[in-house]
Trainee: 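Below is one structure. I have some questions about it.
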Amino acid sequence: MTLAPFGARLRQALDTRGQLCVGIDPHASLLSAWGLGDDLAGLETFSRTVVEALADRVAVLKPQAAFFERFGSKGVAVLEKAVEEARAAGALVLMDAKRGDIGSTMAAYAEAFLSPSSPLFSDAVTVSPYLGFGSLRPALDLAREQGCGVFALALTSNPEGAEVQRAVGADGEPVAASVLRQLAAENAGAAPLGSFGAVVGATLADAGVDLAINGPLLAPGIGAQGATMADLPRVFGASVINVVPSVSRDVLKHGPSVPALRAAAERFVGEFADAVK
């Protein structure tokens with residue numbers, strides 16, 4: 001059965017569970033802070049605990065694929081289980097894979113994360129448009145067909161990103177503006193929200209581009225990278241209603257206590273609600 005469009009499902013999740021995405025980022029320092037080994041057993045405990053604590057209450061969980069892939073096939077098996085259990089508990093799963101390629105290779109990446117027959121089937125995936133926005137077509141088409149979403153990197157929170165994303169093309173349009181314009185075209189006419197989103201860092205002093213893409217705006221950089229929920233109205237303006245604030249370390253550092261993880265997530269949901277009043 002084909003899912004309802006991701007944008008509609010995301011809007012409902014944000015409205016009912018609050019506007020927050022929490023990462024599942026089992027990097028070595030967090031595993032150590034939790035008293036876990038940097039090994040497969042630690043990976044399994046970490047991911048299972050985050051899913052248990054948050055999947056029944058936050059709108060979006062965002063596993064970072066790289067932290068599972070570094071353990072090889074057994075790590076990917078842990079990721080598969082986390083995705084399955086998180087979706088079963090009601091969270092939307094955004095696979096943070098940042099894939100980008102051309103032709104049949106891009107199609108294969110899309111099938112890995114957006115095909116219902118894949119054990120990694122997720123509600124949405126992050127992609128890189130820097131082989132040209134048109135290279136994303138296999139992912140965009142499969143996402144639309146299956147009721148999934150795609151988040152393309154536009155203006156990321158890392159300072160190095162500006163050398164590409166702020167560059168100006170031969171037509172005088174900044175690269176990031178071009179990405180956002182083409183996402184807006186993909187979302188044209190969608191209601192209540194399009195399924196094709198952009199990654200726009202909450203740490204930006206000034207976006208300087210049109211963020212009204214009728215789609216979700218994933219906003220990393222809150223917490224450890226220095227941004228706060230109070231910064232979001234300034235950065236995103238009228239589009240703040242479609243922002244999905246992404247927090248990882250500042251929630252995950254409260255583990256392995258399930259109540260503490262839940263309390264941290266609830267605090268960020270409340271801070272966002274206060275910021276946009």
Trainee: In this structure, would M95 and V199 fall into the same cluster of hydrophobic residues linked by side-chain contacts under 4.5 Å?
Mentor: no
Trainee: Grab the two heavy atoms, one from V235 and one from A207, that are nearest each other, plus how far apart they are.
Mentor: O-CB, 4.0 Å
Trainee: Same cluster for V209 and V179 if Ile/Leu/Val/Met/Phe/Trp/Tyr side chains link at under 4.5 Å?
Mentor: yes
Trainee: Could you check whether any side-chain heavy atom of V50 comes within less than 4.5 Å of a side-chain heavy atom of L252, counting everything from C-beta outward?
Mentor: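 Result yes, sub-4.5 Å side-chain heavy-atom pair found.
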Trainee: List the atom of L131, the atom of G100, and the distance in Å for their closest heavy-atom pair.
Mentor: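 L131 and G100 have their closest heavy atoms at CD1-O, 3.9 Å.
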Trainee: To the nearest 0.5 Å, how far apart are CD in Q19 and CG in L14?
Mentor: 5.0 Å
Trainee: Is there a side chain to side chain contact (heavy atoms under 4.5 Å, CB included) between V200 and L218? Walk through the geometry before answering.
Mentor: CA-CA 6 Å; V200 178; L218 182 71; over 6 Å; no
Trainee: Would you kindly confirm whether L92 and L261 end up in one hydrophobic cluster when ILVMFWY residues are joined by side chain heavy atoms under 4.5 Å apart?
Mentor: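 Per the 4.5 Å side-chain linkage, L92 and L261 are not co-clustered.
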Trainee: Indicate yes or no for a side-chain donor-acceptor contact from S257 to the backbone of A260 under 3.5 Å, with no hydrogens or angles considered.
Mentor: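 Flag set: sc S257 to bb A260 pair under 3.5 Å.
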Trainee: Checking the side chain of R9 only, and the main-chain atoms of A4 only, is there a donor and an acceptor separated by less than 3.5 Å?
Mentor: yes
Trainee: Do you know which two heavy atoms are closest between A202 and I222, and how far apart they sit?
Mentor: CB-CG1, 3.8 Å
Trainee: Do Q12 and T16 meet the criterion of a side-chain donor-acceptor pair at a distance under 3.5 Å?
Mentor: no
Trainee: Mind checking whether V258 and T49 have side chains closer than 4.5 Å, heavy atoms only?
Mentor: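 The answer is yes; the side chains approach within 4.5 Å.
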Trainee: Report yes if some heavy atom in the side chain of F71 is under 4.5 Å from a heavy atom in the side chain of V78; otherwise report no.
Mentor: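 Of all side-chain heavy-atom pairs linking V78 with F71, none is under 4.5 Å.
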Trainee: Is there a side chain to side chain contact (heavy atoms under 4.5 Å, CB included) between Y130 and V175? Walk through the geometry before answering.
Mentor: CA-CA 9 Å; Y130 296 110; V175 171; 3.5 Å; yes
Trainee: Whether E271 and R267 form a salt bridge (side-chain N of Lys/Arg under 4.0 Å from carboxylate O of Asp/Glu) is what I want to check.
Mentor: yes
Trainee: Give the cluster check for V247 versus V276: same hydrophobic cluster or not, with ILVMFWY residues linked at side-chain heavy-atom distances below 4.5 Å.
Mentor: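 In one cluster with V247: V276, yes.
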Trainee: Compare all side-chain heavy atoms of K62 with those of C21 and state whether any distance is below 4.5 angstrom.
Mentor: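 In short, these two side chains touch, coming nearer than 4.5 Å.
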Trainee: Any salt bridge between E186 and R181, counting N to O under 4.0 Å?
Mentor: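 Answer for the salt bridge query: no.
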Trainee: So do S248 and V22 actually touch side chain to side chain, heavy atoms under 4.5 Å?
Mentor: no
Trainee: Identify, with sequence neighbours excluded, every residue that meets side-chain hydrogen bond (donor to acceptor under 3.5 Å, both in side chains) alongside N242.
Mentor: R11
Trainee: So do V51 and R48 actually touch side chain to side chain, heavy atoms under 4.5 Å?
Mentor: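 No - every pair of side-chain heavy atoms lies 4.5 Å or more apart.
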Trainee: For a side chain to side chain contact (heavy atoms under 4.5 Å, CB included) check, start with the C-alpha distance between R70 and D38, then their side-chain angles and the critical distance, and finish with the verdict.
Mentor: CA-CA 11 Å; R70 69 192 183 102; D38 186 18; 2.5 Å; yes
Trainee: If two hydrophobic side chains count as joined below 4.5 Å and joins carry through other members, does L94 share a cluster with V58?
Mentor: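 No, L94 and V58 fall in different hydrophobic clusters.
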Trainee: Determine, stepwise, if the pair R249 / H27 fulfils side chain to side chain contact (heavy atoms under 4.5 Å, CB included).
Mentor: CA-CA 10 Å; R249 279 172 285 180; H27 51 74; 4.0 Å; yes
Trainee: If you measure from CZ on F272 to OG1 on T228, what distance do you get to the nearest 0.5 Å?
Mentor: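 The CZ atom of F272 sits 12.0 Å away from the OG1 atom of T228.
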Trainee: Taking side-chain hydrogen bond (donor to acceptor under 3.5 Å, both in side chains) as the cut-off, I'd like each qualifying pair that reaches into residues 85-95, sequence neighbours left out, listed once.
Mentor: R87-D123
Trainee: Which atoms form the tightest heavy-atom contact between P116 and Q146, and what is the distance?
Mentor: CG-OE1, 3.2 Å
Trainee: Taking the six-membered ring for Trp, are F46 and W34 parallel (under 30°), tilted (30 to 60°) or perpendicular (over 60°)?
Mentor: tilted
Trainee: Verify, without hydrogens or angle tests, whether D171 (side chain) and E173 (backbone) share a donor-acceptor contact under 3.5 angstrom.
Mentor: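 Judged by distance alone, yes, a pair lies under 3.5 Å.
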Trainee: For A219 and L232, work out which heavy atoms get closest and say how close.
Mentor: CB-CD2, 4.4 Å
Trainee: I need the D96 CG to T126 OG1 distance, nearest 0.5 Å.
Mentor: 4.0 Å
Trainee: Closer than 3.5 angstrom, by distance alone: can the side chain of Y109 be matched with the main-chain N or O of A139 as a donor-acceptor pair?
Mentor: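 It does not hold such a pair.
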Trainee: Any non-hydrogen side-chain atom of L10 less than 4.5 Å from a side-chain atom of V60?
Mentor: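 They are in side-chain contact.
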Trainee: Treating R57 as the side-chain partner and A53 as the backbone partner, does any N or O pair qualify as donor plus acceptor under 3.5 Å?
Mentor: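 Checked: pair present.
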Trainee: Taking all heavy atoms of M229 and all of P245, pick out the closest pair and write down the distance.
Mentor: CE-CB, 3.6 Å
Trainee: Between T105 (side chain only) and D101 (backbone N and O only), is there a donor and an acceptor less than 3.5 Å apart?
Mentor: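 Side chain of T105 to backbone of D101, a donor-acceptor pair under 3.5 Å: no, none is there.
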Trainee: List the steps and the verdict of side-chain hydrogen bond (donor to acceptor under 3.5 Å, both in side chains) for Q225 and S157.
Mentor: CA-CA 8 Å; Q225 293 185 52; S157 56; 3.0 Å; yes
Trainee: Taking NZ in K81 as the centre, count heavy atoms belonging to other residues, nucleotides or ligands within less than 6.0 Å. Is the count above 12?
Mentor: no
Trainee: Drop me the distance from I24's CD1 to S47's OG, to the nearest 0.5 angstrom.
Mentor: 7.0 Å
Trainee: Is N187 reaching over with its side chain to a backbone N or O of L183, donor-acceptor style, under 3.5 angstrom?
Mentor: yes
Trainee: When rounded to the nearest 0.5 angstrom, what is the spacing between CZ in F67 and CG in L79?
Mentor: 12.5 Å
Trainee: Under a 4.5 Å cut-off applied to non-hydrogen side-chain atoms, are L193 and P216 in contact?
Mentor: yes
Trainee: Tell me if a side-chain donor or acceptor on R99 pairs with a main-chain N or O of A97 at a distance below 3.5 Å.
Mentor: yes
Trainee: I241: which other cluster members, linking ILVMFWY side chains closer than 4.5 Å, directly or transitively?
Mentor: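 Members other than I241 - counting any ILVMFWY side chain reachable under 4.5 Å - there are none.
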Trainee: Can you tell me how far CG of L136 sits from CD1 of I102, rounded to the nearest 0.5 angstrom?
Mentor: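 Going from CD1 on I102 over to CG on L136, the span is 12.0 Å.
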Trainee: Quick one: does any side-chain atom of R144 pair with a main-chain N or O of S195 as donor and acceptor, under 3.5 Å?
Mentor: no
Trainee: So, Q182 side chain and S178 main chain: donor-acceptor pair closer than 3.5 Å or not?
Mentor: yes
Trainee: Looking only at the side chains, is there a donor atom on one of S118 and E111 sitting less than 3.5 Å from an acceptor on the other?
Mentor: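 Short answer, no.
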